[in-house]
Amino acid sequence: MSLWYTRCPVPTASGLAYNLGWLEGFGVLQDAPPELARHHFDHDLLGLFREGGNVPALAARSEGARTRLIGLTWIEEWQSILVRAGSGITGAEGLRGARFALPSWADSRAESFPRAMALHGAKGALSQAGLTLDDVRFVDVPANARPSVGRDDGRAWAWPGIAELADGTVDAVYVKGARAAEQARQIGAVVAVDLDVHPDPRTRVNNGTPRPITVHEDLLRDRPEVVVDFLVQTLRAADWAAANLDEVRAILARETRSGADGVATAYRGDFHTSLHPELSVERLDLLEIQKEFLRLHGFLAGDVDIDGWAALEPLAEARERLAVHA
């Protein structure tokens, strides 16, 4: 059986473990042929470990994917509502009546994660002023970001809606991550709402907060030692990250295809000390909030029993193994 690892271009301990050469014997799904790479979204691949956004993971589970949840991470990633400079929108209250970018539906629920992220990001920002989704005007934008005209590196905009913000089609757009931070500066956009700084984490529950680690249930049943070893390496990488900020930032620049300034803007404070996966009651409750939001807005085929999905034993065993060898 082949072992595969798939992740999104975001900061994760498993991504660090791979970059450090600690996931021996794993292939990277993004480098595989298309018939295999598509399983990043449906998880219908026996040897697959996935650490990525929760929208595809929950959508796949709601459609019958035989996966188990073995960890949850939470990393602040500059979740922000951008507006044009001079718009007069300087906070959540100013979003009332604004034209808000909403990416269109993709070919599947799982691939429609940009739409889900924009909706939940808007909800979180609006809630800070006692507003709801009914208090803005959503404007459909293409789910695939438009080419970034005038750029010399050939890359598209980092997020659907940035081009429309730049040309005045919309007044506000939800973004996250290092590349979005770079491109916000490029178009002269400013942050109206910085979701990361709000004291209540529920206001920024979204696709990557919390971010699940999932495996096929047959792999967990038949080869539990493989699952535990993956988590051991992930925990080791999280420990390593806590003492190696400069090296973490260098890896993130490669992973996110961003420059140093974008990485420093998006990943602030002591983020590198909190990359460890958990399955705490708090994180499971936050995932429950996300699940209910996705179900309400049509991103799930049915309900997902979060507690029943979670497999607590592999992470507990991985921690015990590390403690023995500490």
Side-chain angles (χ1 to χ4, degrees), residues 3-26 28-30 49-54 57 69-79 176-182 195-197 201 204 206-215 226-280 282-284 286-287 314-326:
L3 295 176
W4 295 94
Y5 168 64
T6 183
R7 85 284 193 197
C8 303
V10 293
T12 62
S14 60
L16 293 175
Y18 179 79
N19 276 275
L20 292 167
W22 295 352
L23 295 182
E24 295 182 7
F26 281 79
V28 177
L29 198 64
Q30 282 79 1
F49 288 75
R50 182 185 188 278
E51 182 169 7
N54 61 48
L69 174 67
I70 59 171
L72 286 168
T73 56
W74 182 289
I75 302 157
E76 309 295 1
E77 297 183 79
W78 201 70
Q79 292 192 73
K176 77 166 185 72
R179 283 185 61 197
E182 290 180 334
L195 288 158
D196 288 1
V197 302
R204 53 187 177 276
N206 213 303
N207 184 46
T209 42
R211 181 173 287 117
I213 306 174
T214 52
V215 296
V226 173
V227 176
V228 172
D229 188 60
F230 176 91
L231 289 170
V232 165
Q233 303 311 323
T234 296
L235 291 167
R236 282 184 63 211
D239 288 343
W240 174 89
N244 293 277
L245 176 57
D246 290 343
E247 291 90 340
V248 170
R249 284 178 169 162
I251 291 173
L252 286 182
R254 297 195 300 269
E255 288 271 294
T256 62
R257 299 183 292 278
S258 306
D261 288 346
V263 169
T265 298
Y267 309 116
R268 297 170 284 187
D270 60 355
F271 81 95
H272 63 297
T273 67
S274 57
L275 300 180
H276 299 78
E278 297 180 14
L279 283 173
S280 62
E282 178 186 10
R283 286 208 179 151
L284 290 169
L286 292 166
L287 187 62
L315 186 57
E317 185 174 339
R319 286 174 172 157
E320 290 174 6
R321 187 186 299 180
L322 279 178
V324 168
H325 294 94

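Because only heavy atoms are used, hydrogens play no part in the values below, and waters and symmetry mates are left out as well, while side chains stay in. Everything numeric here is computed off the predicted structure, so don't read it as measured data.
Heavy atoms of other residues, nucleotides or ligands lying less than 6.0 angstrom from CD of Glu282 number 12 at most.
Put simply, CD on Glu278 and CG on Leu284 are 9.5 Å apart, with the number rounded to the nearest 0.5 Å. The distance from the NZ atom of Lys176 to the CD1 atom of Ile75 is 9.5 Å, given to the nearest 0.5 Å. Leu16 contributes atom CG, which lies 6.5 Å from atom CG of Leu252 (distance to the nearest 0.5 angstrom). Rounding to the nearest 0.5 Å places CD1 of Ile213 at 8.5 Å from CG of Leu69. The CG atom of Leu231 lies 4.0 Å from the CD1 atom of Ile70; values are rounded to the nearest 0.5 Å.
Only one option out of Gln79, Glu76, Glu77 pairs with Leu195 in a side-chain contact (heavy atoms from CB on, under 4.5 Å); it is Gln79.
Between the Asp261 side chain and the Glu182 main chain, no donor and acceptor come within less than 3.5 Å of each other. For the pair Ser258 (side chain) and Thr256 (backbone), a donor-acceptor distance under 3.5 Å is present.
The shortest distance between side-chain heavy atoms of Leu235 and Leu315 falls below 4.5 Å. Leu286 is not listed as a side-chain neighbour of Thr209, based on a closest heavy-atom distance of 4.5 Å or more. The shortest side-chain heavy-atom distance between Phe230 and Val215 does not fall under the 4.5 Å cut-off. Put simply, the side chain of Thr73 does not reach to within 4.5 Å of the side chain of Leu275, judged on heavy atoms. Counting only heavy atoms from C-beta outward, the side chains of Asp229 and Arg321 approach each other to under 4.5 Å. Using a 4.5 Å heavy-atom threshold, the side chains of Arg204 and Trp74 count as touching.
Considering all non-hydrogen atoms of both residues, Ala57 and Pro212 come closest at CB-CG, 3.9 Å. Residues Thr273 and Ala242 approach most closely at CA-CB, 4.1 Å, considering heavy atoms.
By the side chain to side chain contact (heavy atoms under 4.5 Å, CB included) test, Thr12 pairs with Tyr5, Val10, Ser14, Glu51, Arg211, sequence neighbours left out.
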* Any chance you could lay out the side-chain contact (heavy atoms from CB on, under 4.5 Å) test for Asp196 and Arg268, step after step, and finish with the verdict? => CA-CA 10 Å; Asp196 288 1; Arg268 297 170 284 187; 3.2 Å; yes

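Listed by first and then second residue, the side-chain hydrogen bond (donor to acceptor under 3.5 Å, both in side chains) pairs involving residues 234-252 are Gln233-Arg236, Asp239-His276 (not counting sequence neighbours).
Taking the six-membered ring for Trp and thresholds of 30 and 60 degrees, Phe49 and Phe26 have ring planes more than 60 degrees apart, a perpendicular arrangement.
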